[in-house]
Amino acid sequence: MPQLAFFSAISSFLEATHAATPTLAPLHLLIGILAPAICALLIAFFGSRLPLGATKAIAWIGFALPAWCALWIAGTYGAVAQSGEYQFLWQADLGLSKLLGIQLMLGVNGISVPMYVLAGIVGLAAGAYAIGSKVERQPLYLVLLLVMQSGLMGIFSSVDLFFYYFFHEFALIPTFILIAMWGRTLSSRKTVAMELTIYLTLGAMITLGGLIGLYVSSGAEAFNLIALQEALATGTAPTQIFLMLLIGFGILVSLFPFHTWAPPAYSTAPAPAAMLHAGVLKKFGLYGLIQIAVPLLPSGLAGYGGLLMWLALGNVIIIGFVTIAQQDLKRMLGNASVMHMGYAFLGIYAFSVMGAGGAVLMMFAHGLSVSLMFLLADAVERRAQTGDMREIGGMAQTAPVLAGLFIAGTMASIGLPGFANFWGELVIFTALWQSPHPWVAIAAVAGIVISAIYALRAVARIFFGEPKAELAATGDLQGWEKWPAILLLAALFVVGIWPRGFSEHLDAALAKQYPVKDVAVPVATVTDQSHAH
Amino acid sequence: MNDLSSLLSLILLTPLVGAGLIWLLGNKRGNLAAGISVLVAGVIMVASLFLLYAQWGGEPYHVAMPWLELQPFRLDLGFYLNGVSALMLFVVSFVGFWIHLFSLGYMADDSRKARFFGGLSIFMFSMLGIVLAENLFMLFIFWELVGFSSYILIGHYLKTQEAASASQKAFIVNRVGDFGFLLGIILTFWTFGTTSLPELAQHHSGATTAMALLLFCGVLGKSAQMPLHVWLPDAMAGPTPISALIHAATMVAAGVFLLARTYFLFDETALTVVGWVGTITALCAAIWAFAQNDIKKVLAYSTLSQLGYMVAAFGFGTLYGLTQGEGHGHGHAVWYGLGAAMFHLTTHAFFKALLFLGSGSVIHACHHEQDIWKMGGLFKKMPLTGLTFLIGTLALSGIPFLAGFFSKDAILFVTKEACFPAFIILTGTAVMTATYMGRLFYIAFLGKPRSEHAEHAHESPWTMVLPLVVLAVFSIAGGYFAQLPIYPAAVNEFLGQAVPHPSEDAEMTMLIISLIASLGGLALAFVIWNPKSERDALAAKARPIWALSRSKFCFDEVYMFYVNQIQARVAGILDTLDSLIISGVGTRVVPGGIFGGLGMFFRRLHTGNATAYVWWFFGGVILFFAVATRGFTSLF
């Protein structure tokens, strides 16, 4: 097949970077988890005796190393894995193996690589933003974010389900503390943090119950995904476990009507915590459904798919309208994030390689775009001294770079082609047509109009018109605000113009576990005209 | 890999590279940005002309490579060049360059110049992507991107409220159209297993009316057909060169181009619907143009009306072609619809770009005055602008032997054959077209200046006048593809095959009809709006007619009612329910009771120390884990 000059050049460049040797790969997975944890410990123990600059330098290392590991893994994975299988497997028996079948087992497959990369990139951006911003008790702030980052890297490289769950808790607890101590509004942050804690802990408990139920009923010898897959290839597990996982994971991902924790939490949380939670940690549940629940319990999805469909439509349509009613910028973003999770759930509901693949693309893209938007919303709010969009205006003149990045981020969020989100939406919409209820595709596509309405109105309110006098002194983005945003936008853009980098391995990994839906017999390819000259 | 695909890659990617460069340079280097953008447009034009004149022989050419694969979904990146896209490539690159040049003068003093020219280059990239796209998904991608560039360029004057609301409106209304369009593409994909245009062209049995009409939704949005036409007049809030390039010559015509690309998917029912939507749009927009006083608004409604002509031409022309069958007369009868539509698209691109640029020249000279009742006598002050504007007016009115005459003639002919009532309406619309254009020209250019600004107006610089002259030449000569080498040979040949010609007997009738319609309209306008009049005679003497025209049949009011009264209320109610019932009762009151009780107990463990919470938590996890393991073992 003839290749197009420009894109084949990009392609061969990407392949050249794959040539690195893979033997060090498991080490990278371990470093990704340990580096932020060690840096957190260093700051925790020595932070009070070190100058703030040194603390920040340590934090930089703690955020940069995972990002490096993530990119290295993504590049190397392409060279070794042709079929989307688990690679770079590494395990350590921690003495729990005999008792509970638990061991620390790391590895990535075609589904987890995008999520692993997402965790690395968003972690670096959120870390850089946290290091640059002026907050009280910054060392502790950074320690908590580093602990979060360590957990995030662990979630998506764990093959063992106990550690998969464990790392989630590891990242979740600092989120509560960050909101309670550094939340936006003094009066309500403790309440919000407490509500979030109760809600998400409940979700996590249900999830854990489901995972244990899965393990026990499958009769697998070890509590890791590979063993479970082998065990369930022959045996079956009760479908009620799927419901348990669906509700548990659903709470964690803000599935309608378990979503009400999200908007207040995100509008209250300090920006880096919101970025890490909304961008990455929240994807734990969707990842669990795609990687664990659906492939292991396909009959469960068959049984509860209708429920999932209705709830996910609640996310897209009902919360879509709720988003239109929001006046506070961060609350709007929090609701918009809930709405977009509906798309990912719908992709899972479609139960096909396409649907799940679209959901993974959506998770990846949404993670980048939502953290970009929370970062920029924080920058807007700090300048305007308010989050109420009706009271802001004309900021494009006082902060043109902020305006440009905000518009680009908004466009990415609402699925403009050229950014990764578009692929997620497009593939999910297309997949839904082959779901048991094709009309769901129509309802889902209606979401593109809803999201355009609230997103563009926010842009118009904040950036158009004449600026207020007090805004003039606030100025444009500074380096520490600008570069993390550019990093996130660049990642969205790269996947936006070169989706094949991910889709190839994603496709291979999903094809082992998900059905390929029938398409009309492809028409004979046109060969007589393709070489007309 | 061969020369053709490299050349097409060059044409498509040059503007993207240009936009990237402008972005890197930042907003302070406005002149450099303008230079880059115009240079890019020049490269595109030269490369396109080179491709069409020297490289491409007229055989359909297509090339594709996979871009995204998730079984069985496959999205290709590729090019598909055939007669339709070659003609469109010519129009976009040629008209695009002259409008870029015009912008140099028009935007010379703008404070956000770099942003403007960057946006212009992004637009060129997106538009060329639509023209060259090999499949419907790829076309949709660039379709959305032109919407985005249109959005940022309409919003160029961001201090004004009009720009803020018009840019939003354009994007959202287009998304409503794209809602149907995307569903249509998805349906096409699942029906045929591909959306590749060359493959579909060969194997398209199984196309349904629903599929065609869903695809047509995209046309409704992008080409501003009723009922999604409301965004286009508002889009005039953007700078005038944008109105010329995006909202008259190229982007809004993309809908017509889409129809021409997918004509084989339309069955008779769909074609009839398409034809009538176009006819009604043409009629209504012409009625609304009478009561407009803003020079750009008159042209905007005229654009709506002419787009209606093109869409009607496609619908009725293809219907007519289907009845003729292959081999009848000359060329391909089934192409008559797309031939007439694309031909009118081409001539319209010349004369409407000319008219918009002419209005830009006037606005520039009159210090951003856009009210025609504050102009007057400009013909003498600005002779070249005046003369070229006159040529544009005559071409749009369909005066014989100018470009617009030939293309409108082809449309009226096929409509007469396919649907006589529509023919009557479109002929009546042709009279109205000549009338409102006559009104515009008499009031703005003849008579005496009605304001200070008009009094002191003088001719624009050469960068603005030269494009006017070039476009005026094409507005005269654009119809003679059969006689003169106006277009590249392959394009000429395509037009020769596709554009329907009346038989020799009918030709005379059509000529007389056109002559009466155009001259009659211009004369009627002269009677009502004498160049010397100081105020609008229609508004003064025939108030009900004027008010009807002015009301624009209340589409905007109905939509605003929906947005403010229905949508906002539904959103508000849902928001209240969300926070009251789900958040309030569901997750606070009910669990609050349970957890409150537990809390009484756990408060004893509350030490206020973060570390303690962590240990309590892990203790709980392990306890739960142990209990659950036992519990499940006994259950199953």
Side-chain angles (χ1 to χ4, degrees), chain A residues 1-7 173 177 198-199 205 208-209 212-213 216-217 257 260 318 321-322 324-325 353-354 357 396 400 411 416-418 423 427 429-430 433-434 441-442 445-446 448-449 452-453 456-457 460 464-466 499-500 503 507 511 516 519-523 526 529-530 532-533, chain B residues 1-2 4-6 9 13 27 59-63 65 67-73 77 141 144-145 148 158-159 163-164 168 171-172 175-176 179 182-183 186 189-194 198-199 202-203 570-572 574-575 578 582-583 586-587 595 610 614 617 624-625 628-629 632-633 636:
Chain A
M1 174 162 301
Q3 301 266 305
L4 308 177
F6 177 77
F7 291 104
I173 290 158
I177 304 171
I198 294 170
Y199 218 135
M205 285 297 173
L208 184 61
I212 294 168
V216 173
S217 60
T260 49
I318 296 180
F321 272 97
V322 170
I324 292 177
V353 171
M354 270 178 83
M411 287 294 161
L416 185 78
W423 297 118
V427 174
F429 294 154
T430 312
W433 201 274
Q434 290 296 81
I442 300 169
V445 177
I448 68 169
V449 182
I453 290 171
L456 295 186
R457 195 178 55 184
F464 281 81
E466 290 286 357
R500 256 194 117 198
S503 72
D507 186 45
V516 175
V519 65
V521 180
V523 294
V526 186
Q529 290 179 358
S530 53
H533 292 265
Chain B
M1 179 60 63
N2 57 37
L4 215 49
S5 78
S6 317
S9 306
L13 294 174
N27 198 33
E59 283 292 303
Y61 166 82
H62 102 275
V63 59
M65 65 183 287
W67 200 9
L68 173 73
E69 284 170 292
L70 282 165
Q71 299 167 39
F73 185 70
L77 194 61
I141 287 169
E144 290 282 289
L145 288 176
F148 166 68
L158 43 75
K159 286 182 200 174
Q168 273 187 79
F171 197 94
I172 291 168
R175 277 239 157 160
V176 174
F179 161 68
L182 183 54
L183 287 172
I186 292 172
F189 173 75
W190 286 113
T191 310
F192 301 110
T194 178
E199 286 178 25
Q202 297 197 346
H203 310 267
V570 169
L574 286 175
D575 185 37
D578 188 54
I582 303 179
S583 176
T587 71
F595 282 98
V614 177
F617 189 82
F624 182 82
F625 193 76
T629 315
F632 272 104
T633 321
F636 308 116

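In what follows, chains are A, B, ... by sequence order, proteins preceding strands, each numbered from 1.
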Legend entry - Trp67(B) versus Arg500(A), closest heavy-atom pair with distance: O-CG, 2.8 Å
Legend entry - Output field: ring centroids Phe148(B)/Phe171(B) closer than 6.0 Å: no
Inset, instruction - Measure Ile141(B) against the heavy atoms of chain A and call it side chain, backbone, both or neither at under 4.5 Å. - result: both
Legend entry - Contact winner vs chain B - Ile448(A), Val427(A), Ile318(A), heavy-atom pairs under 4.5 Å: Ile448(A)
Legend entry - Heavy-atom pair with the smallest gap, counting every atom of Val445(A) and Leu183(B): CG2-CD2, 3.7 Å
Inset, instruction - Let me know if Met411(A) has heavy atoms under 4.5 Å from chain B in its side chain, its backbone, both or neither. - result: side chain
Inset, instruction - Examine whether an atom of Ala446(A) lies under 4.5 Å from a heavy atom of chain B, and if so say whether it belongs to the side chain, the backbone or both; otherwise answer neither. - result: both
Inset, instruction - Apply the test side chain to side chain contact (heavy atoms under 4.5 Å, CB included) to residues Ser503(A) and Trp423(A): give CA-CA distance (whole Å), side-chain angles for both, the deciding distance (0.1 Å), then the verdict. - result: CA-CA 10 Å; Ser503(A) 72; Trp423(A) 297 118; over 6 Å; no
